[in-house]
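See below for the structure under consideration.
Small disclaimer: the values here were computed from a predicted structure and weren't measured. Chain identifiers are assigned alphabetically (A, B, ...) following the order of the sequence lines, protein sequences preceding nucleic acid strands; residue numbering begins at 1 within each chain.
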Number of protein chains: 2
Amino acid sequence: MTDSVPTAPPVPAATINRLPLYQRALAALDPRGTVSSAELAEATGVNPAQVRKDLSVLGLHGTRGVGYVAGDLLAQLSEHTGADEIHPLIVAGMGNLGLAVANHAGRRSQGFTVVAAFDVDPKLIGRTFRVGDGTVTVSHPNELPAIARRTGAVLAVVATPPAAAQQVCDDLIAAGITGILNFSATPVRVPTGVHIRDVDLAQELQILAYHERRAHPGADREEVNIR
Amino acid sequence: MTDSVPTAPPVPAATINRLPLYQRALAALDPRGTVSSAELAEATGVNPAQVRKDLSVLGLHGTRGVGYVAGDLLAQLSEHTGADEIHPLIVAGMGNLGLAVANHAGRRSQGFTVVAAFDVDPKLIGRTFRVGDGTVTVSHPNELPAIARRTGAVLAVVATPPAAAQQVCDDLIAAGITGILNFSATPVRVPTGVHIRDVDLAQELQILAYHERRAHPGADREEVNIR
DNA sequence: TTGTGTGAAAGTTTTCACAGCT
DNA sequence: AGCTGTGAAAACTTTCACACAA
């Protein structure tokens, strides 16, 4: 299924996930100056050797004894990740969360612009929101195919209630979307070739809560009775 | 630094991160019925062997040839993760995103309740919002120490602008917070003993965008000139 | 027969440590 | 002297495969 192109990507998934971190750190630096892997590590919370390995895997090299040229490195990274372009983004579900995400991530400075928003709520359809550095008007989902085609968007944010998420994702995929950021608190099945990332706010908190319970076992009145 | 208690936790981090997944899947089932690891796997997108190993590591066992009793398993899992209690939650930064997160995750059914919200914006201070299944009134940050002490909260959500994030986290930690869910688009340094999880919406999108670029190299008008 | 429990293999990711440019 | 580039080791995670209990 993954053999459509001759060279399979040898870039480790873990590396890919860190690239945006490096980009942000680099963006805060003087493009003309140099950065060492140690400095990048400090700014991102990553191990210095990891930084060097990540960049090295992408074919991005620094100068021994000196470091990397911040501006050059950022440009090369951006080209790799696609951060050198503005990606059109569709938002499905314009409740509180959908709006916040649209507003937060849908800025050109981040590399994204919200080109369409959908919701089934009649009170929302037709309303125009300021999101990021532009505006969107909420459309009915039955306009999705036409709008998706017209805008050429391949990325979408799903912020619907859990019950609707699978259907919404299916519709998005049918309309040509191939990358979905899923905020509905439910895992969704997608066909091969479509990328999905689940972000579940409650889950993140639950993970934190777990650690707190470990760290402060007696904090609650329940007696800890590990035998 | 981690040797405060005799037995260091032998539960792999990867396992911990999956526990909320299992909990959600189990909650949707008849508590009296049985589930097989295969069914749990199907519902969560995890490999069946992984499911068994995860549960086994926690000392949670099923019956061979039958499976696990859904209700029992959920109860035991919940006790482990702390999902059997309602955790008080503080929200710092009540913009769009802070409000959405508060509203989304701050429900008792999820195991959390928002006990306080802070913002520096004078227009927000004093306002009362419906969040989750309750309400909060936004306070000025200088009330943080008192409120934190009174509520006993140890978990906080940070949804401030990046520039304020480090200071806000420092203040939260000084007030006794030991677990932070950080939505500000910047990494924050915390002392040992404090857990932090970074959720960066733009970063998630950028990771998706990376994959799209790999999958559909010619989609943009820019000529791909990999030498 | 069905589905758990788990050693052992395979794969992935992180970290170390040091040779080699500048 | 300083910092990259990278093999090799260590740590962690996933997956396999099969004995074994119900």
Side-chain angles (χ1 to χ4, degrees), chain A residues 1-2 8-22 25-26 29 33-74 76-77 80 187 198 207 210-211, chain B residues 1-2 8-22 25-26 29 33-74 76-77 80 187 198 207 210-211:
Chain A
M1 289 293 117
T2 333
V11 182
T15 293
I16 294 170
N17 295 350
R18 281 187 292 267
L19 300 185
L21 243 48
Y22 302 144
L26 287 166
L29 267 40
T34 59
V35 228
S36 65
S37 60
E39 290 167 317
L40 272 177
E42 164 68 20
T44 55
V46 172
N47 175 300
Q50 187 85 265
V51 173
R52 297 199 295 277
K53 192 149 267 187
D54 283 343
L55 298 177
S56 166
V57 155
L58 297 176
L60 307 182
H61 299 291
T63 310
R64 297 185 177 201
V66 180
Y68 305 83
V69 178
D72 294 358
L73 185 53
L74 178 54
Q76 291 172 301
L77 263 182
H80 239 279
D198 297 311
I207 293 168
Y210 177 95
H211 291 292
Chain B
M1 290 289 122
T2 334
V11 182
T15 293
I16 294 170
N17 295 349
R18 281 187 292 266
L19 299 185
L21 243 48
Y22 302 145
L26 287 166
L29 268 38
T34 60
V35 229
S36 65
S37 61
E39 290 167 317
L40 272 177
E42 163 69 20
T44 56
V46 172
N47 175 299
Q50 187 84 266
V51 173
R52 296 199 296 277
K53 192 149 269 184
D54 283 343
L55 297 177
S56 166
V57 156
L58 298 176
L60 307 182
H61 298 291
T63 310
R64 298 191 176 197
V66 179
Y68 305 83
V69 177
D72 294 359
L73 185 54
L74 179 54
Q76 291 173 303
L77 262 182
H80 238 278
D198 296 311
I207 293 167
Y210 177 93
H211 291 293

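Within the 4.0 angstrom heavy-atom criterion, only backbone atoms of the sugar-phosphate kind lie near B/S37; the bases stay farther away.
Each of D/dA19, D/dT13, D/dC3 was ranked by its minimum atom distance to the side chain of B/R64; first place goes to D/dA19.
Residue B/N17 contributes atom CG, which lies 14 Å from atom C1' of D/dT14 at whole-angstrom precision. Separating the CG atom of A/L60 from the P atom of D/dG5 is a distance of 9 Å, rounded to the nearest angstrom. Summarising the geometry, the separation between CD on A/E42 and C1' on D/dC3 is reported as 17 Å, rounded to the nearest angstrom. Taking atom NZ of B/K53 as the reference point, atom P of D/dC12 lies 15 Å away to the nearest angstrom. Between B/I16 atom CD1 and D/dC12 atom C1' the separation is 13 Å, expressed in whole Å. D/dA11 atom C1' lies 13 Å from atom CD of A/Q50, rounded to whole Å.
Looking at A/P20 and B/I207, their side chains come closer than 4.5 Å, going by heavy atoms from C-beta outward. By the 4.5 Å heavy-atom criterion applied to side chains, B/Y210 and A/V11 are counted as neighbours. Taking the side chain as every heavy atom from C-beta outward, A/L58 and A/L77 approach each other to under 4.5 Å.
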Does the pair B/L40 and B/L26 meet the rule for a side chain to side chain contact (heavy atoms under 4.5 Å, CB included), with working shown? CA-CA 8 Å; B/L40 272 177; B/L26 287 166; 4.0 Å; yes

Under the side chain to side chain contact (heavy atoms under 4.5 Å, CB included) rule, what do B/R18 and B/V46 come out as? Steps first, then yes or no, please. CA-CA 9 Å; B/R18 281 187 292 266; B/V46 172; 3.8 Å; yes

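Residue whose closest nucleotide on DNA chain C sits further toward the 5' end, between B/G62 and A/N47: B/G62. For A/G65 and A/A13, each mapped to the nucleotide of DNA chain C holding its nearest heavy atom, the one lying further toward the 5' end belongs to A/A13. The residue among A/L55 and B/R52 whose nearest nucleotide of DNA chain D is located toward the 5' end is A/L55.
An OP1 or OP2 oxygen of D/dC3 is reached within less than 4.0 angstrom by no side-chain nitrogen or oxygen of A/S36.
Protein chain A contacts DNA chain C over a range whose 5' and 3' limits, counting nucleotides with an atom under 4.0 angstrom from a non-hydrogen atom, are C/dT13 to C/dT22.
Minimum heavy-atom separation, A/E39 to A/T34: OE1-O, 3.9 Å.
In this structure, OH on A/Y22 lies 14.0 Å from NE2 on A/H80, to the nearest 0.5 angstrom.
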